[in-house]
Structures are given as C-alpha cells and as structure tokens.
Amino acid sequence: MISCHVHPDGDALGSALALHRALANDGRKPVVSFSEPFTVARQYRFLPGIEELTPPDQISRAADLFVCFDAGSLDRLGSLVDAFEGAARTIVVDHHASNTRFGDVNLVDPSAPASAVLCRELLRRLDLPLDPQIATDLYTALVTDTGRFQYQSTVPETHLLAAELLAAGVKQYEVAKAVFETNDIGYLRLLADVLARIQQIPAASLVWTWVTQADLARHGIDMEQTESLIDLVRTDGSADVAAVLKEQPDGTYKVSLRSKGGANVGQLATAVGGGGHALAAGFTSDLDVEATIQRIVAALQAA
Ligand code: AMP
Ligand code: MN
Ligand code: MN
C-alpha cells in the first residue's frame, strides 16, 4: 500500500506513483491511493500511472506494508488514517521539519528539497531501476517542490538528480506545459478578481488575498487549480510573508503561507494546528477572513 498526503501536490503524487510503478515493474502487486476528496488536480492528471490510483474506500485496512510520502503527520493521510493504522508495518518517507515520525520506519530528511529525492534514493537501495515514466513522476515532484529549482532548498545534488531523470527519458517541456502552462481562461479571470483585492500589512511584512467558493463558481474552476496563485502573491517585493486564504465548501479556510526567509511560517502553521516547512506551510482556519488574518499578523509580530 502506497499513499501520500490529502489534497496531493506534485511531490506527493509523483513520489507515490514512482514507487508504485517501480514495484509493479519488479513483479510486485502494489496498491496506490490517497484520501477523499479523491480528485487529482488537473495539472497532475498527465502523470504516468495516474490511472493506477485506487479509490480510498476500496483499499485494504490490513496491508502488509504501508508506505506514505510527503506527509508530516498521521492526520495528513485523511480518510486513509485507519488503513495506515491497520497495516502490519509502516514506512514514512518525508522532508517536513515538523514530521512527527509516526511510522515504524521513518525516512525523514528535512534538508531534502522534495520527498521525491528520498524516493529516488529508496529505489536505488532497492535496486529498482528508473524508466521514463518513473523519471517523469519524480521530475514533476522535484520541479514543483523546488519552485522550478529556485527555492532555498535547491542544492547541486538537486540539479544532478534532474539531469539523471532527464537522461532517463523525461520530456521536460511536456511536464512544464502540463503543470505550469495549461491554465483555464477562467483561472486567469479569477486571478484578475483575486489580485484586485490584494492587501498589504506593512507592520507584519505581509501580503495577502483570498479566494471564495463564489469566485470559483463565477469562473467555473476548482480550488485545486489555484495552487500556484500564492506564487504570484508572494512576488510583492515589499513583503516577506504571503498568505492566501481559500474558502472550503464547509466554510472553513485553507491557508497557504510562504516566507522569503524572515519569518518561519512552518512554526506559525504548526502552532495553529497545521504544518509545513520553514518557508512554505499551511493550516485550516475555522475563523472568518479578517479574524484569520489578525491571527497570522499577531503570530508574525510575536515571533
Ligand atoms: P500549500 O500552501 O497547500 O501548498 O502547502 C504548503 C506546505 O504546507 C506543504 O508542505 C504542505 O504539506 C503543508 N501544509 C499545508 N496545509 C497543511 C495542513 N493543514 N497541515 C499540515 N501541513 C500543511
Ligand atoms: Mn506536499
Ligand atoms: Mn514535498
């Protein structure tokens, strides 16, 4: 049984699908799944092996082995928490500093720029060879979690791994096109609305905006398509921290936080029940937009 965190991103899906295919190529019978809501964001539907995903309500609650990628704590497995707890043995493969080491075996390296780096090392040690599909899954994980090789976590070895993956057959422009250059026009129109109401709070070096369910309905898009919105918001040159609040169907807000180095948003998010990395983190808020922002501002000013 192979899985990853709820609302999987490129690193979570790419790592899980890579191990799944490598084991299947080796004659094993792995199962790969992730939590409800069982929908893959559009930009990741091209990933090799995506059709191998099994719905979470159909997977064993008594697996021999459960391997999970890119999840910093057990609750991040969502509706698969019971499947993890029911497995005979568990392995956690992750790179969050906040990782709670909830597996029997924990392959956790907070200095790794993506879980895919650890996945690639796992394949090497298991003598499971790359093929172009596995390489594409791992490359997508790497290029997304490093912000296209630009974030602070990128080191020389990151580029060496990218080179190895390209040599194994990745068509990198196909990945770039699918992940970064295939927006719905509705998303671009939504951006116009959401960026028009962007706010700065200089006293906290914060820039922020929000997306509502009404915005999504007006432009006919899914919240998963707004993953890269924060990458635009964070480009405000006068702010260290960026926040995007995303209204969920139940009225709570999923909060995305990014820092350019001045603030540790991972600590901030962990303190309010979320998690993440020092420079990229998130949490869920039951408060309204104003109260959520006040909470973030207070935490930033207290730090
Ligand atoms: P996002 O802003 O959703 O792209 O998430 C940024 C980082 O924060 C990722 O490493 C996530 O794994 C982590 N993260 C986001 N939301 C949560 C949450 N509710 N609980 C724990 N970690 C989170
Ligand atoms: Mn992730
Ligand atoms: Mn990751």
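First listed ligand is number 1; within each ligand, the first listed atom is number 1.
Around ligand 1 you find Arg76, His96, Lys254, Ser256, Arg258, Gly274, Gly275, Gly276, His277, Ala280, Ala281, Gly282, Phe283, each with a heavy-atom distance below 4.0 Å.
Counting side-chain heavy-atom gaps under 4.5 Å among Ile, Leu, Val, Met, Phe, Trp and Tyr, Leu160 is found in no cluster with other residues.
For Asp145, the N, O or S atom closest to the Mn ion (ligand 3) goes by the atom name OD2. Closest to the Mn ion (ligand 2) among the N, O or S atoms of Asp70 is OD2.
Here Phe149 and His159 bring their ring centres to under 6.0 angstrom of each other.
Contact check on Asp222 versus Arg42 returns a salt bridge, with a Lys/Arg side-chain nitrogen under 4.0 Å from an Asp/Glu carboxylate oxygen.
Cation-pi geometry between Arg89 and Phe66 is not met at under 6.0 angstrom from the ring centre and within 45 degrees of the axis.
For His5 atom NE2 and Asp9 atom OD2, the angle they make at the Mn ion (ligand 2) is roughly 100°, to 10 degrees. Between His95 atom NE2 and Asp11 atom OD2, the angle centred on the Mn ion (ligand 3) amounts to 100° (nearest 10°).
Using cut-offs of 30° and 60° on the angle between ring planes, the pair His96 and His277 is parallel.
Partners of Asn99 by side chain to side chain donor-acceptor pair (under 3.5 Å), not counting sequence neighbours, listed by chain and number: Asp94.
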Pairs of donor and acceptor atoms involving the side chains of residues 286-298, under 3.5 Å and at least two apart or interchain, shall be tabulated with distances.
residue: Asp288; atom: OD1; partner: Glu290; partner atom: N; Å: 3.4
residue: Asp288; atom: OD1; partner: Ala291; partner atom: N; Å: 2.8
residue: Thr292; atom: OG1; partner: Ser285; partner atom: OG; Å: 2.7
residue: Thr292; atom: OG1; partner: Leu287; partner atom: O; Å: 3.4
residue: Thr292; atom: OG1; partner: Asp288; partner atom: O; Å: 2.7

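At least one donor-acceptor pair closer than 3.5 Å links the side chain of Asp240 to the backbone N or O of Ala263.
Arg101 approaches Ala97 most closely through the heavy-atom pair NH1-O, 4.4 Å.
For His96, every N, O or S atom stays at 2.8 Å or more from the Mn ion (ligand 3). At a threshold of 2.8 Å, the Mn ion (ligand 2) has no backbone or side-chain N, O or S atom of Cys4 nearer than that distance. In summary, no N, O or S atom of Asp94 is located under 2.8 Å from the Mn ion (ligand 3).
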